[in-house]
Amino acid sequence: MNRTHVVERAYQLARTNDCLNTGDVVKALSGEGYSGAEISHFQGSSIRADLNRICKMPKSDLEPTSNAA
């Protein structure tokens, strides 16, 4: 099965209305079946800060995540 890399998926989730912080992103990843080893990428302060920044951005300020035709 080809699955989206955990870091890419985390950034996708951060851009949704469902995730208000990194904790929400981690919970969503866990719920999607990503392992603890995969989720351990988000223990670093730099990536957590970046995801938190994205989560808190008004969603209208974000670029679309897909090229819908």
Side-chain angles (χ1 to χ4, degrees):
M1 178 172 90
N2 241 349
R3 181 163 69 161
T4 304
H5 189 275
V6 66
V7 175
E8 181 180 352
R9 184 64 183 135
Y11 278 89
Q12 290 171 350
L13 289 166
R15 289 177 172 87
T16 69
N17 290 323
D18 297 329
C19 295
L20 303 176
N21 55 49
T22 305
D24 291 342
V25 172
V26 168
K27 286 178 196 172
L29 290 168
S30 181
E32 291 182 6
Y34 287 90
S35 70
E38 292 171 305
I39 293 171
S40 70
H41 286 286
F42 308 106
Q43 291 178 350
S45 60
S46 183
I47 195 166
R48 292 181 74 83
D50 198 35
L51 288 171
N52 276 325
R53 179 187 58 79
I54 293 169
C55 286
K56 295 186 183 330
M57 289 177 72
K59 302 312 176 194
S60 61
D61 289 353
L62 298 173
E63 295 179 19
T65 55
S66 66
N67 294 332

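Counting from 1, the numbers follow the sequence of the chain as shown.
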Checklist entry - Quick one: does Ser40's side chain have a donor or acceptor within less than 3.5 Å of a partner on Ala37's backbone? => result yes

Checklist outcome for this item: All heavy atoms of Lys56 vs all of Asn21, minimum pair found to be NZ-CB, 4.4 Å

Checklist entry - Is any side-chain heavy atom of Phe42 less than 4.5 Å from a side-chain heavy atom of Val25? => result no

Checklist entry - Which atoms form the tightest heavy-atom contact between His5 and His41, and what is the distance? => result CE1-NE2, 4.4 Å

Checklist entry - Is it true that Arg9 and Glu38 make a salt bridge, defined as a side-chain N closer than 4.0 Å to a carboxylate O? => result no

Checklist entry - Rounded to the nearest 0.5 Å, what separation is found between the CD atom of Gln12 and the SG atom of Cys19? => result 11.0 Å

Item to check | Whether Thr22 side chain and Leu51 backbone form a donor-acceptor pair below 3.5 Å | outcome: no

Checklist entry - Do Leu20 and Leu13 share a hydrophobic cluster, counting only Ile, Leu, Val, Met, Phe, Trp and Tyr and linking them when any side-chain heavy atoms are less than 4.5 Å apart? => result no

Checklist entry - Between CG of Asp50 and OG of Ser45, what distance do you get to the nearest 0.5 Å? => result 11.5 Å

